[in-house]
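What follows is one structure encoded as structure tokens, with my remarks underneath.
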Amino acid sequence: MGQKGSSGLFRAVSAFGVVGFVRFLEGYYIVLITKRRKMADIGGHAIYKIEDTNMIYIPNDSVRITHPDEARYLRIFQNVDLSSNFYFSYSYDLSHSLQYNLTVLRMPLEMLKSETTQPRQESFDIFEDEGLITQGGSGVFGISSEPYMKYVWNGELLDIIKNTVHRDWLLYIIHGFCGQSKLLIYGRPVYVTLIARRSSKFAGTRFLKRGANCEGDVANEVETEQILCDASVMSFTAGSYSSYVQVRGSVPLYWSQDISTMMPKPPITLDQADPFAHVAALHFDQMLQRFGSPIIILNLVKEREKRKHERILSEELVAAVTYLNQFLPPEHTIIYIPWDMAKYTKSKLCNVLDRLNVIAESVVKKTGFFVNRPDSYCSILRPDEKWNELGGCVIATGRLQTGVLRTNCVDCLDRTNTAQFMVGKCALAYQLYSLGLIDKPNLQFDTDAVRLFEELYEDHGDTLSLQYGGSQLVHRVKTYRKIAPWTQHSKDIMQTLSRYYSNAFSDADRQDSINLFLGVFHPSEGKPHLWELPTDFYLHHKNTMRLLPTRRSYTYWWTPEVIKHLPLPYDEVICAANLKKLIVKKFHKYEEEIDIHNEFFRPYELSSFDDTFCLAMTSSARDFMPKTVGIDPSPFTVRKPDETGKSVLGNKSNREEAVLQRKTAASAPPPPSEEAVSSSSEDDSGTDREEEGSVSQRSTPVKMTDTGDSAKVTENVVQPMKEVYGINLSDGLSEEDLSIYSRFVQLGQRRHKQDKSSQQLCSRCPDGVIKLTPISTFSQDNIYEVQPPRVDRKSTEIFQAHIQASQGIMQPLGKEDTSMYREYIRNRYL
């Protein structure tokens with residue numbers, strides 16, 4: 001990239017992908033991903049989190065015409081922190097569910113080749129279509145689909161180049177949460193992945209975005225998917241995969257809260273009368289198209305209040321669902337479950353999680369879940385009543401989830417996250433049972449598996465709460481189990497204050513940044529600036545600016561094609577409209593782009609086991625299983641509270657702090673300067689942060705404490721010798737143990753400096769010594785010294801040629817090398 005006063009081109013930045021292009025009042029900027037970190041692996045496809053980005057102004061400085069408001073727009077745009085929970089993948093479609101992605105792979109190729117065509121001008125590879133059919137099956141067909149733009153956050157930034165560049169340059173990113181942990185079942189690795197996709201439609205902050213807009217998009221809409229896979233086989237075609245999807249979102253009505261009163265709980269106001277539930281109809285029509293039926297609503301808002309507050313939403317939602325259900329077929333009606341969670345929490349006689357578990361069981365039985373394998377033989381060998389009552393759609397290749405649970409409270413944060421955890425826990429039991437990993441579809445609290453899953457969901461809830469509400473969760477699963485420590489109450493108060501401060505003072509600026517980033521507002525000359533608008537209501541409700549061309553029927557409120565294929569979701573049905581969204585691409589079977597082995601193991605990179613992602617992620621055996629000997633290693637065994645692997649090490653924040661302190665004390669590098677930390681740094685550009693993905697999970701942490709607390713820590717950490725080693729070393733050894741030890745010592749003395757040539761048994765060998773015959777290929781081999789074997793001439797020549805090649809001295813090619821190269825050229829280009 002060249003600038004004024006310099007000649008030629010120079011490297012400005014190294015990047016991992018292009019987020020998009022944006023223009024305010026001057027020229028275009030390009031947004032590049034300069035740092036990334038691996039967060040998950042699904043079927044050999046890596047999912048990365050954006051760690052840092054760089055914005056570069058494209059036009060040359062010599063032709064730049066400055067504008068006084070350009071810098072302010074740039075600051076507003078950069079307030080959207082792309083290094084905070086934005087994710088992407090080069091080969092996996094994160095905007096769709098696993099069920100959709102694997103359903104696309106199962107579509108018959110003949111139908112796609114006849115229905116779908118790819119224009120020649122879309123590809124820059126002139127050899128792409130040559131020699132694939134005539135090479136005797138060397139061609140491989142790949143299928144890619146259009147992303148679901150509702151969950152894509154850089155769609156507007158890529159819109160200008162979408163029809164210009166090759167589709168491989170388009171890197172779609174999602175916003176939300178992604179976490180993955182390893183569940184070890186007697187050494188068998190099972191990956192538990194949690195992915196949350198936040199909707200980019202009607203997106204914003206807590207009090208500024210409530211309810212729904214005129215197109216049926218609701219505020220704080222997040223699709224949460226939990227994926228379970230057997231990590232011993234990572235291929236989608238040969239491996240075992242299962243997923244379950246649920247949704248959270250604001251109540252689909254026209255409602256808002258006025259924050260100008262500076263009250264912690266502003267009054268709820270219904271902004272528009274909607275007697276025919278037009279907005280709710282649009283919203284549920286979208287859900288039927290994406291998830292199928294039944295749509296189950298779990299409404300957790302308060303039902304009984306001295307002063308009507310949350311109950312306003314319940315009454316209106318009941319009226320809307322009742323109106324819409326009278327026109328739907330009886331087998332596809334919307335199921336409405338009201339439950340006042342706050343009332344049950346205050347009651348000392350009721351167990352909140354027991355009631356939620358009953359609701360979760362009924363929900364999972366109605367919707368089913370996705371699994372890409374037929375029912376295991378163990379389900380026939382050990383039949384379970386609950387398994388036979390499971391809903392969903394059973395096909396030859398497995399099961400499909402039909403329908404979805406939609407959970408909401410007022411904010412869709414604390415209560416919603418706990419309810420989603422309980423439903424996810426119930427679905428996880430069915431997923432493990434379907435893969436033949438447990439004998440009954442039931443999981444108990446206080447097991448390693450549930451603790452691992454609970455930590456994933458708490459990280460998931462904290463992240464989503466920070467994005468929408470400005471603080472972490474106030475009430476957690478332990479709060480509703482009523483086992484939270486007394487220190488948790490002070491933390492809850494601080495989180496409440498943090499949420500109130502964020503809503504009152506910083507949410508307006510965050511909302512402006514989101515509107516500018518998502519392209520809801522486009523700066524232009526002659527129009528008011530973004531900061532001059534009194535409200536953004538007109539930006540999100542398009543019917544206020546122009547009349548909509550068509551208006552839906554009050555009775556037939558659904559899309560006709562959607563209702564024909566229920567309970568299956570219309571987006572996954574094989575039809576002409578869906579086939580047009582798919583593109584078939586031809587590959588050569590030796591291309592690196594489709595080589596999953598190289599993508600996962602990266603043999604061309606120097607790496608170590610300690611930094612490998614699959615070893616650094618959270619593990620049930622390392623982080624949750626007790627460290628004492630004699631404990632059942634099964635992650636499904638109920639533990640006592642003092643038996644957990646985290647009871648000694650403290651909570652996650654303490655462990656992370658301890659590891660960072662230990663690393664700082666060991667290496668003590670100089671603190672980085674402000675320039676080195678900035679996003680535009682040249683030194684840090686293009687560095688892969690995969691090895692830093694789980695710092696706190698890489699090694700056993702050491703908790704740093706003051707000297708005054710040393711006695712207390714020693715009392716907690718030091719365990720009885722019998723419990724650690726299995727024996728008490730202070731007791732005297734038995735005669736049998738002494739004889740075994742003496743025989744071992746005599747065996748070592750017998751083997752001292754004895755080579756293979758002198759294998760004659762000694763006539764003076766004491767009684768009881770084990771007599772062994774060495775079988776090693778080494779001429780001299782014992783516990784004290786080893787003489788390496790001789791290397792043959794051919795191996796020596798190969799090694800010398802390898803050393804010379806590193807010095808630039810190349811050996812002449814032989815006949816085998818020439819023929820191999822010709823075969824490669826013929827397969828690749830001819």
Side-chain angles (χ1 to χ4, degrees), residues 177 179-186 188-196 224-231 242-244 246 351-361 363-364 369 384 386 405 407 416-462 473 475-485 488 617-627 631-647 649 651-652 697:
F177 174 79
Q180 188 173 58
S181 297
K182 184 195 304 180
L183 185 65
L184 278 175
I185 307 175
Y186 293 105
R188 184 178 182 180
V190 176
Y191 286 175
V192 182
T193 311
L194 204 61
I195 300 176
T224 300
E225 179 181 20
Q226 62 187 56
I227 300 174
L228 194 74
C229 67
D230 186 352
S242 177
S243 72
Y244 183 78
Q246 47 186 326
N351 191 317
V352 176
L353 298 189
D354 285 348
R355 174 60 180 163
L356 278 176
N357 191 57
V358 174
I359 296 175
E361 285 282 352
V363 167
V364 176
F369 62 96
D384 189 271
K386 295 195 298 183
L405 171 67
T407 310
T416 298
N417 196 73
T418 302
Q420 284 194 334
F421 163 75
M422 290 302 298
V423 176
K425 171 178 165 290
C426 178
L428 180 66
Y430 280 98
Q431 291 175 282
L432 290 167
Y433 181 79
S434 68
L435 300 184
L437 300 175
I438 55 177
D439 57 350
K440 292 183 179 180
N442 187 30
L443 287 177
Q444 299 292 333
F445 274 106
D446 297 322
T447 59
D448 297 342
V450 174
R451 282 185 176 124
L452 179 143
F453 191 65
E454 181 182 341
E455 184 175 276
L456 266 179
Y457 250 97
E458 289 212 346
D459 292 344
H460 160 268
D462 284 338
L473 291 174
H475 302 297
R476 304 174 180 273
V477 177
K478 288 184 175 61
T479 306
Y480 292 103
R481 289 186 69 189
K482 299 180 181 178
I483 62 171
Q488 185 66 37
M617 71 170 68
T618 302
S619 172
S620 62
R622 182 181 65 239
D623 300 321
F624 294 92
M625 193 176 74
K627 303 301 184 287
I631 295 294
D632 185 1
S634 172
F636 309 114
T637 302
V638 178
R639 316 282 189 197
K640 296 178 182 178
D642 56 347
E643 282 186 347
T644 63
K646 293 196 174 185
S647 60
L649 302 175
N651 56 24
K652 187 174 68 171
Q697 304 162 2

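Sequential numbering from 1 along the given sequence is applied to the chain's residues.
Within the 4.5 Å cutoff, the side chain of L443 has heavy atoms near those of the L432 side chain. Between L353 and T418 there is a side-chain heavy-atom pair separated by less than 4.5 Å. Taking 4.5 Å as the limit, every side-chain heavy atom of C229 sits out of range of all side-chain heavy atoms of V190. The side-chain heavy atoms of F636 and I185, taken from C-beta on, include a pair separated by under 4.5 Å. Y457 places a side-chain heavy atom less than 4.5 Å from the side chain of T224. Residues L452 and K182 are not in side-chain contact: their nearest non-hydrogen atoms beyond the backbone lie 4.5 Å or more apart. The shortest distance between side-chain heavy atoms of T618 and F624 falls below 4.5 Å. Using a 4.5 Å heavy-atom threshold, the side chains of Q444 and V450 count as separate.
To the nearest 0.5 Å, atoms CG (L228) and OG (S242) are separated by 6.0 Å. Summarising the geometry, atom NZ belonging to K440 is positioned 7.0 Å from atom CG belonging to D384; distances are rounded to the nearest 0.5 Å. Atom CZ in R451 sits 13.0 Å away from atom CE in M625 (nearest 0.5 Å). Summarising the geometry, atom OG1 belonging to T193 is positioned 9.0 Å from atom CD belonging to E225; distances are rounded to the nearest 0.5 Å. Atom CG of residue N417 and atom CD of residue E458 lie 8.0 Å apart, to the nearest 0.5 angstrom. With rounding to the nearest 0.5 angstrom, the CZ atom of F453 is 9.5 Å from the NZ atom of K425.
Using a 30° and 60° split on the angle between ring planes, F369 and Y430 fall in the tilted class, from 30° to 60°. Ring pair H460/F177 is perpendicular by interplanar angle, where above 60° counts as perpendicular and below 30° as parallel.
Contact record, Q246 with G424: NE2-N, 3.7 Å, taken as the closest heavy-atom pair. Nearest heavy-atom pair across S243 and I227 is CB-CG1, 4.1 Å. Closest of all the heavy-atom pairs between M422 and F445 is SD-CZ, 3.7 Å. When all heavy atoms of L428 and Q226 are compared, the closest pair comes out as N-NE2, 3.5 Å. Pairing each heavy atom of D448 with each of S634, the nearest pair is OD2-O, 4.2 Å. Between T407 and A419, the shortest heavy-atom contact is CG2-CB, 4.1 Å.
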Apply the test side chain to side chain contact (heavy atoms under 4.5 Å, CB included) to residues V423 and Y244: give CA-CA distance (whole Å), side-chain angles for both, the deciding distance (0.1 Å), then the verdict.
CA-CA 10 Å; V423 176; Y244 183 78; 3.8 Å; yes
Which is it for M617 and Y191 under the side chain to side chain contact (heavy atoms under 4.5 Å, CB included) test, yes or no, and what are the steps along the way?
CA-CA 10 Å; M617 71 170 68; Y191 286 175; 3.8 Å; yes
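Taking the charged nitrogens against the carboxylate oxygens, K478 and E454 do have a contact shorter than 4.0 Å, which makes a salt bridge.
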